[in-house]
Each structure stands twice: as structure tokens, then as C-alpha cells.
Amino acid sequence: MRAEGVTRTPAVRTAVVWDALRGVLAERAAATGRDRLDIVDAGGGTGGFAVPLAELGHAVTVVDPSPDSLAALERRAKERGVGVRGLQGEAADLAELLHRGSADLVLCHSVLEYVEDPISALTAVAGLLREGGAVSVLAANPVAAAIHRALAGQFDDARAVLTDPVGTWGDRDPTPRRYTAETLAELLTVTGLTVGAIHGVRVFADLVPSRLVDGEPGAADALVALEQAAATHPVLRDIATQLHVLGHRTSI
């Protein structure tokens, strides 16, 4: 997964997303009567989400443009004793690679920032969903990028992020676009999805120095609890490094 900020324990960085995914999976299993759900991870790379989902007993397919990432995915899945199908392709190719209406859940994490046409990519994602299915979208937040650039002493970059229509700080910015909660919700609506809960991901995790967490008993768990509390806070959510939104397919 592509991400900005300081590398942090995966459990801290992804706890809020996993909370949302567990809720979606439980609701979908109850609605369908199926414990084994069909999940597609668009841009899933080496399987950071896909392999744990397969360990929960679900049928998971990863679509990613990188053959190296897919090879690493295969190794990781084998090491964990699960099967995950890997397909090489872009998010916009999903309609050609997989059957329409074949997924209960599609992950689209750190993808929309990089694709050439976000609307086409998310439309392809939505086309995979069965009625009642959900998409999990995770995207970089421009407000957080401004904070991070300012803390690094790059004040002109920080100001540029706040004024740029797509939330970048210049030609050297490795992230082509970022999304606020409003622009992310608009994108889901345009592609025919019903917008669900929006959470902030990594509100504090990328700001707290590692020395305050690493090696301190209970510190990581306390930081996870803080992230979970901040995820829906009306102010703190909007400064998170990433924003997570669930979109639902209410009709075909």
C-alpha cells in the first residue's frame, strides 16, 4: 500500500480500517447467510489486507499492476497457509478481468490518488458489487499533507497543498491527488454508490514520535484506542493522514 508519513506498527496504522471492515463483513454475512464472502482487493499489492481476509475464510482476489507485488502476495499467502488469487491489471480493467456483480466487498485502498481517471476506476469497482455489497475506499487527505509538510519546515509546500484543487504541493509531490471528506463523498455519489460512514485514519499515529510508543508496555494499544476515538471526531477526523469511507451498492 502506498502511504505518506512515518512507518508505524501495522496494527496502529490500520486498526480503524479493520474495525470498519469487520462490521461490513458481519453485516454482509448476516444478510446473505454466507460465511464465505467474495472479496476483491483492487491495487492490493502484496496482500496486507487480502491475506488476513483469506485467513478469516473468505475468497479473496487481488488485482494489481505489479508482477513483483503479486509474486510477493503469493509467497505471503503460502507462508500463512491460505489461497489468494492474484490477477495483473489496473483498477480500470476490473470489468474485463472479473464478472460484473460478483463481489460482496471491494477494497480500493490508496488507489484513487494514482489512477489516471478516478471516476472510471471507481465506476469499475462499483460494477463488481452485488446488490447490498460494499466498497472500502482509503485515500490520502490534503489537510494532513499540509501539516506534515509544515512540520518538516516546508512551509511553501504546506500552503500549496491547501490551495491546490487536487491537493498536491508541487511537481515533486509523489501523490498526484488527495481527497477531503467532501470530495471523496462526491466521487462515490457520482459513481452510483451510497456514501456510508467516513473515518479518519492515522490522526495521531504519524505525529507521535516512535520513542513514545516502541518498547513502552501498553503504549501501542493506548494509541490504537486513541485512533479509534479520534476517527469520527468532528474536527480530528479531517486532519487524519488518510480518510476511509464505505460506499454501498443499494441497487443493480
Set of side-chain hydrogen bond (donor to acceptor under 3.5 Å, both in side chains) partners for S102, sequence neighbours left out: none

query: Taking only residues two or more places apart in sequence or in another chain, which ones pass side-chain hydrogen bond (donor to acceptor under 3.5 Å, both in side chains) with R85?
result: T61

Closest contact, heavy atoms only, [X] versus [Y]:
X: G44; Y: D64; result: N-OD2, 3.7 Å
X: V213; Y: A219; result: O-CB, 3.7 Å
X: P118; Y: E116; result: CD-O, 3.8 Å
X: P176; Y: V166; result: O-CG2, 3.7 Å
X: A121; Y: L112; result: CB-CD2, 4.4 Å
X: V161; Y: A145; result: CG1-CB, 4.1 Å

task: With V203 as reference, evaluate Q242, E227, R237 under the side-chain contact (heavy atoms from CB on, under 4.5 Å) test and give the passing residue.
output: E227

- request: Determine the sole option in D93, L98, V106, D41 for which the side-chain contact (heavy atoms from CB on, under 4.5 Å) test with V63 is passed.
  value: L98

Note, [X] side chain near [Y] side chain (heavy atom, < 4.5 Å):
X: L243; Y: Y179; result: no
X: L53; Y: L107; result: yes
X: H58; Y: L105; result: no
X: F49; Y: S136; result: no
X: D238; Y: V143; result: no
X: W169; Y: H148; result: no
X: R178; Y: N141; result: no
X: V84; Y: L73; result: yes

- prompt: Does CD in Q154 sit with more than 12 non-hydrogen atoms of other residues, nucleotides or ligands closer than 6.0 Å?
  reply: yes

- prompt: For L151, does the CG atom have more than 12 heavy-atom neighbours from other residues, nucleotides or ligands under 6.0 Å away?
  reply: yes

Please round to the nearest 0.5 Å and tell me the distance separating atom [atom1] of [X] and atom [atom2] of [Y].
X: L122; Y: L187; atom1: CG; atom2: CG; answer: 5.0 Å
X: R177; Y: D164; atom1: CZ; atom2: CG; answer: 11.0 Å
X: S69; Y: Q88; atom1: OG; atom2: CD; answer: 10.0 Å
X: L162; Y: D157; atom1: CG; atom2: CG; answer: 11.0 Å
X: T241; Y: L207; atom1: OG1; atom2: CG; answer: 6.5 Å
X: L128; Y: L94; atom1: CG; atom2: CG; answer: 5.0 Å

- prompt: Same cluster or not: are I239 and F155 linked, directly or through other Ile, Leu, Val, Met, Phe, Trp or Tyr residues, by side-chain heavy atoms under 4.5 angstrom apart?
  reply: no

- prompt: Do the side chains of V235 and I147 join up, straight or via other hydrophobic residues, at under 4.5 Å, putting them in one cluster?
  reply: no

task: Take D19 and H199 through the side-chain contact (heavy atoms from CB on, under 4.5 Å) test and state the conclusion after the steps.
output: CA-CA 10 Å; D19 285 346; H199 297 94; over 6 Å; no

Is a donor on one side and an acceptor on the other found under 3.5 Å between the side chain of [X] and the backbone of [Y]?
X: E113; Y: V111; value: yes
X: R36; Y: G57; value: yes
X: T14; Y: V17; value: no
X: D38; Y: D104; value: no
X: T32; Y: R28; value: yes

message: For T175 and T168: C-alpha separation, side-chain torsions, deciding distance, then whether side-chain contact (heavy atoms from CB on, under 4.5 Å) applies.
response: CA-CA 7 Å; T175 304; T168 68; 5.8 Å; no

task: For the pair V125 and L193, evaluate side-chain contact (heavy atoms from CB on, under 4.5 Å) and give the outcome as yes or no after the intermediate values.
output: CA-CA 10 Å; V125 166; L193 296 164; 5.8 Å; no

- request: Give the intermediate values and the outcome of salt bridge (charged side-chain N to carboxylate O under 4.0 Å, His left out) for residues D173 and R149.
  value: CA-CA 11 Å; D173 192 337; R149 297 307 291 173; over 6 Å; no

task: Go through the steps to decide whether R13 and D206 satisfy the test side-chain contact (heavy atoms from CB on, under 4.5 Å), and finish with yes or no.
output: CA-CA 9 Å; R13 292 165 58 89; D206 291 348; 4.1 Å; yes

